[in-house]
Number of protein chains: 2
Amino acid sequence: MTTIADVARAAGVSVSTVSYALSGRRPISAETRERIQAAIDELGYRPHAGARSLASRQTRVMALAAPLRTDLYVPVIMQFVAAVATAARAHDHDVLLLMNDEGPAGLERVAGGSMVDAFVVMDVATNDPRLPVLRRLREPTVLIGLPGRADGLSCVDLDWEAAGRLAVQHLVDHGHTAVALVGPPPAAYERGTTYAHRFRTGFETAAAETGIRGLAVPCEPSHDGLGASLARVDTEQPGTTGFVVHNEPVVGTLLHALRGSGREVPHDVSVLAVGPHELAEGQAVRLTSIGIPADEIGALAVEMVADLLAGRSPQTTLVAPRLVERDSCAHRSDSSAGV
Amino acid sequence: MTTIADVARAAGVSVSTVSYALSGRRPISAETRERIQAAIDELGYRPHAGARSLASRQTRVMALAAPLRTDLYVPVIMQFVAAVATAARAHDHDVLLLMNDEGPAGLERVAGGSMVDAFVVMDVATNDPRLPVLRRLREPTVLIGLPGRADGLSCVDLDWEAAGRLAVQHLVDHGHTAVALVGPPPAAYERGTTYAHRFRTGFETAAAETGIRGLAVPCEPSHDGLGASLARVDTEQPGTTGFVVHNEPVVGTLLHALRGSGREVPHDVSVLAVGPHELAEGQAVRLTSIGIPADEIGALAVEMVADLLAGRSPQTTLVAPRLVERDSCAHRSDSSAGV
DNA sequence: TTGAAAGCGGTACCAT
DNA sequence: ATGGTACCGCTTTCAA
């Protein structure tokens, strides 16, 4: 293994000069810099991360606490993970992966061992037990999601409430007066994951404000689960012509079920999906959808980590939802709202 | 921050004694051990990972190179990642996440900086450019997958060829004489990902050996993609009564398409899926399926890392496929094979 | 069974 | 602009 001393010797300078050449923390003559760089290239020198972290008290690694749940849509989770990892590299950081099954103890372990400089935490619940721990740690934290109280911690997330409103508004604009939300599984609501609540709140608020009928039903992500939810809608709110699906796994199933019950999309009913655009586009009818900008949010999270590391104060950022029109929402020119 | 010296002082022993008490590398009297443990608990001491890796030349971190492709079924990838992360923790290791977009350079960077003790690499292709690099590195590697030549590296994977044979055999056992494989997208074959080839080889070999008709068609993971593939099957091999789907995203779509063309499952045609059991169970008809034991393979990978770290030689392990019977494969008692 | 001290490979202060 | 060197916190000889 080649060390900084080897490089110094080869370049005919002192170790401190090599160190400063590397960090740029003090002026080095162009000529010296070149000799050093040549030595580094020739020897294939790589600073020892452990030695560096010991001396400098920073690791250039950030921890990413990612969820491991079956009631979450995995492709989106993975997109967040990939976005954070990629953005971290762009900031010359690596990512230490923490699976949430370790809980608060895992965060303490990693922080206590000085393994990371900061935390990015996904899947935060209203009263997440990790929050008090994170506040106490000296390493800064960015939450992907929005807990009940965010004080002292940075947060980034989609503005789910605005997304819920946007969905309803789009259907209202198309003349719908009875809309249903096929939401996440009950478990997602019960767990206190705020995005489920926030979307639903936006949905219900907008329905109330625009004076249309709106019904939100949770949905288990299976063929039968969707069947049950759809039955509830048909029973509790007959005449529903607009569907919002905030439950990726059942998007395709919903389409088939509607068709199976004689309702053509978009001729008889409109469907608006919330989820990845690829999902929306891969269906029998290309679905109008509100995307989840995981790449953007992941990159923002890392940006905010950098801010905190630079000494700036925690902040909360909500990303505005964006709707892409495709082929699943049609105008209802007449006033008939029967099935 | 509390250091080993603080602990030593509090316990009234030397630093080396604390170190040895922690590592267990030399006998410590029960009484001393207790005093040390008490001091550790009281002070909340955590060894500094960087200092430790500097002195001991090992990090207790393993790198996990995970793919970032859109043509892979993400839930399964994630299951591998979770399995490796969990197993790593069970071996007192952490996981540094590498997204494959960095390629061989990322591996060299991380190894050169002494950030990890070993590598677990997913999504290996026949002539993966990372292989020569990994062979050269001093850190041992375990591949999840099977490259063209595995010499010098450990490998774990599902025995995909056996899986392909198992699928055909199951359909043959149920009296089918014309079976089709709806496989992964062309990109998966072209990339040289061996699992696609191996499954297909097993499928075709078994079909040939049992003397039945067998047709393998790749399939783009979308509604239209499935439509195209199904059309090929109907044209090139009319009378097909057994379908093997090795393409998770289109499983549901295939079911609907068959139904749409007047073929009931399992009455008219049998369908056998390859993929997670939850996927198979969430369909309109509960599908007989061959699972992908990601948890088992991930755990094995970590086990093999531990073996290599302990000085044992590289080895290759192929996990036998397991088939779970559900409701999508029926016996064809007569000899009619018409659509 | 325990202690003292020499590294491990960097960083950054103090000099020049 | 550059060099010398005292740490950073831990592991592991060497000694007792």
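In this text, all values refer to a predicted model and were calculated from it rather than measured experimentally. Protein chains get the first letters and strands the later ones, always in sequence-line order, with residue 1 at the start of each.
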Touch class at under 4.0 angstrom, heavy-atom based, for [X] against every strand present:
X	answer
A:Thr32	sugar-phosphate
B:Ser29	sugar-phosphate
B:Arg33	nothing
B:Val13	sugar-phosphate

Pair of N/O donor and acceptor under 3.5 Å linking [N] base with [X] side chain:
X	N	value
B:Tyr45	D:dC10	no
B:Arg26	C:dT2	yes
B:Ser16	C:dA4	yes

Checklist entry - Would you say D:dG3 has OP1 or OP2 under 4.0 Å from some side-chain N or O of A:Thr17? => result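 For D:dG3, OP1/OP2 do have a side-chain N/O of A:Thr17 under 4.0 Å.
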Which nucleotide sits closest to the side chain of [X]: [options]?
X	options	value
B:Ile4	C:dA4, D:dA1, D:dC10	D:dC10
B:Pro27	D:dT11, C:dT1, D:dG9	C:dT1
A:Arg25	C:dT11, D:dC10, C:dA12	C:dA12

Item to check | Side chains of B:Asn100 and B:Arg130, donor plus acceptor under 3.5 Å | outcome: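 Yes, side-chain donor-acceptor contact under 3.5 Å.
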Item to check | B:Ser16 side chain to B:Ser19 side chain, donor-acceptor N/O pair below 3.5 angstrom | outcome: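 Judged by distance alone, the side chains do not pair up.
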Could you tell me whether [X] and [Y] make a salt bridge, using a distance below 4.0 angstrom between a side-chain N and a carboxylate O?
X	Y	answer
A:Arg89	B:Asp101	no
B:Arg109	A:Asp94	yes
B:Arg60	B:Asp92	yes

What is the distance from [atom1] of [X] to [atom2] of [N], rounded to the nearest Å?
X	N	atom1	atom2	answer
A:Leu43	C:dG9	CG	C1'	15 Å
B:Gln58	D:dG9	CD	P	21 Å
A:Tyr20	C:dA15	OH	C1'	11 Å

Next on the checklist: Heavy-atom nearest nucleotide on DNA chain C for B:Arg57 versus B:Ser14: which residue maps closer to 5'?
Outcome noted: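 Upstream on the strand: B:Ser14.
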Checklist entry - DNA chain C: B:Ala51 or B:Glu31, which has the more 5' nearest nucleotide? => result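 The 5'-side residue here is B:Glu31.
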